[in-house]
Amino acid sequence: MTQKTSMREAYGETLVELGKENPDIVVLDADLARSTMTHFFARQFPDRFFDCGIAEQNMMGIAAGLAASGKVPFASTFAVFAPGRCFDQVRMCIAQPGLNVKLVTTHGGISVGEDGISHQSIEDLALIASLPGFTVIVPADAVEAAQAVKTAAATYGPFYIRLCRPKTPLVYDRDYRLDLGKAVLMKPGKDATIIAIGLMVSAALEAAEDLAREGIDCRVLNMSTLKPVDSAAIIAAAAETGAIVTAEEHLEHGGLGSAVAQVTAKHQPVPVEHIAIKDTYAKSGKQAELFQRYGLTAGDIEQAVRTAIKRKRV
Amino acid sequence: MSLPKLNSSSSAPADVGAGQAFSSPAKARTPSIEDMRAIAKRLRRHIITMISQAGSGHPGGSLSAVEIVTALFFKVLRHRLADPCWPERDRFILSKGHAAPLLYAVLAECGYLPVEELATLRQMDSRLQGHTDRACTPGVEMSAGALGQGLSFAIGTALTARLNSQDYRVYALLGDGECDEGQVWEAAMAAAHFKIDNLVAIVDNNGIQLDGWNRDIMNLEPFNKKWEAFGWYVIEVDGHDLSQLLDAFERARSVKGKPTVIIAHTVKGKGVSFMENNPDFHGKVPTPAEVKTALEELA
Ligand SMILES: Cc1ncc(C[n+]2csc(CCOP(=O)(O)OP(=O)(O)O)c2C)c(N)n1
Ligand SMILES: [Mg+2]
């Protein structure tokens, strides 16, 4: 679990693999191909790659047109620029007609660090999850990122896949297969459940390990398919462990925490604590400093688990 | 007004620019072209040092606009060191927010920020954010970082002068790659439509964006004809020639009934041999050895 690998590189490499198998795969970027790693595909298949320049709205419109004509477009930029910069293009041209566009963004969350708030994407999941028909995947590591990209290519309909900038610890073996719409049980447990996405999954596992030493037995779920969310797994976690902590690199509102709370409120009310960014913008800083400041560390998850457990005993 | 003030002193404020006396570490009264060349060199040194200390940042597009910003802050803009929020100040709007190190460097050279503070770029709790944030830094007019939005902001700022019968002028600095954004052309159309003549756009036409050369990524040509067709008065200059720049800003003052754009032909990474015209140094940090060479070249 200490090996760190790049989700972005996994994305670029998987695109090349898919490009060899399926001539209908086309890739678009908005002058960030060297950062999103779509330039791997551009080198192999220059005729099927379109750098649209710094014009995200136009890129989404082009992707929609390609999809409507039978191509399978993967469109990439930073998470802060899509869907944010081109929300209505994604909404009207892609979500409403349910077109087969795969939006894969990188540099999600505040782990972009020093670039500061203009480049820290903390609203993208709320925006994209608000669009009916979109499937939203937030992979936990490079293996799952590759799986997500393959699944998106093989499944008709609009997809949003959010990757992060830094290399992340591997939480999966090479033979892991993503089961779309199913939460992944990372660790069984009975006292509380930590539900995490993205690079918070490895933090959740670390927290669970620490808590085990205190005699707290945590279940850990990776909710990599954020939408449609796996309600059954949430209800089971609530019923069987009685307390839930969600962990995501996103605003508290509109992301994983909201989705989980909505399910528990309706079906199985239990204490739910959120590890997320609290209605604020962050600032420039190193990833570790920012995670400390904004409460996204394994230690913060541990504290939230203790709080959630205390609440259930009241 | 959200800008923190460095100096709350109400004693006789020093006016800067527009040929008036200014007080700053640059210690000149009306700076000569020679003085300004020396300032430009210091700005370049600051940029290299800041970015290497920060460990991330964008050297190429900061270096290419050094003379543009030097001409503006040390000669063209009317501003007051003691009062960064002076309502009558000319506005400088950095639309290409990734050139933040350049803006911080010039603000420091003017005296708005202590020069030592430049070393805090991009660090936790620094006022010098990775991309410009108007809530954090005195002298920063606009929060930027997502490209394509500054010209619209500049129009709003310029229209306010008209509404309030103020005579300040607004200068917006854009990247050429940034002009891929549709919003730039929406703004270009609007500025001409509203006949805004207290607005000058400067395009840092260094020919390079992130993925490579403009001509390979998204061709902008014929660039000057586009601005002309949108109703702008177009001036083209060598963006590293201070006299040409000053002359262009002066000419822009006399243009009435339409906005002016100065297309400044520049070299990305200007001043550091291995960064010049090198797309790799858009957002790459020089190694310690490269920093040493760069600072020697800029000695
Ligand atoms: C809306 C938006 N899309 C993408 C980016 C990422 N990005 C940062 S700088 C840059 C290239 C800018 O090129 P240019 O405007 O020519 O700037 P310069 O050459 O002056 O550095 C890109 C694509 C961004 N900041 N904003
Ligand atoms: Mg450029």
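Within every chain, numbering begins at 1; the chains are lettered A, B, ... in the order of the sequence lines, protein sequences first and strands thereafter. Since the model is a prediction, treat every value here as computed from it, not as a measurement. Below, each value reflects all heavy atoms present in this structure, side chains not excepted, and no hydrogens, waters or symmetry copies.
- The greatest number of non-hydrogen atom pairs below 4.5 Å with chain B, out of A/Arg293, A/Gln57, A/Lys286, is found for A/Arg293.
- The candidate with the highest count of non-hydrogen atom pairs below 4.5 Å against chain B, out of A/Gly53, A/Gly113, A/Gly116, is A/Gly53.
- At a threshold of 4.5 Å between non-hydrogen side-chain atoms, the residues B/Phe281 and B/Val272 do not count as touching.
- The side-chain heavy atoms of B/Thr137 and B/Tyr104, taken from C-beta on, include a pair separated by under 4.5 Å.
- When side chains are defined from C-beta on, B/Ile217 does not count as touching B/Asn214, because their heavy atoms never get closer than 4.5 Å.
- With a 4.5 angstrom heavy-atom cutoff, B/Ala144 touches chain A only via backbone atoms.
- The most heavy-atom pairs under 4.5 Å with chain B, out of A/Gly285, A/Ala30, A/Ser284, come from A/Ser284.
- Both the backbone and the side chain of A/Asp51 have a heavy atom closer than 4.5 Å to some heavy atom of chain B.
- Counting heavy-atom pairs closer than 4.5 Å to chain A, the top-ranked of the candidates B/His98, B/Met124, B/His58, B/Gln123 is B/Met124.
- In this structure, chain A has no heavy atom under 4.5 Å from any part of B/Asp216.
- Between the side chain of B/Thr266 and the backbone N or O of B/Asn206, at least one donor-acceptor pair lies under 3.5 Å.
- The number of heavy-atom neighbours closer than 6.0 Å to NZ of A/Lys278, taken from other residues, nucleotides and ligands shown, is above 12.
- Contacts with chain A were tallied for B/Leu210, B/Leu128, B/Val184, B/Leu121; B/Leu210 has the most, counting heavy-atom pairs under 4.5 Å.
- Classification of the A/Phe78-A/Phe81 ring pair by plane angle, with boundaries at 30° and 60°, yields parallel.
- For the set A/Val80, A/Leu32, A/Asp29, the entry with the most heavy-atom pairs within less than 4.5 Å of chain B is A/Leu32.
- Here the side chains of B/Asp125 and A/Lys283 are in contact, with some heavy-atom distance below 4.5 Å.
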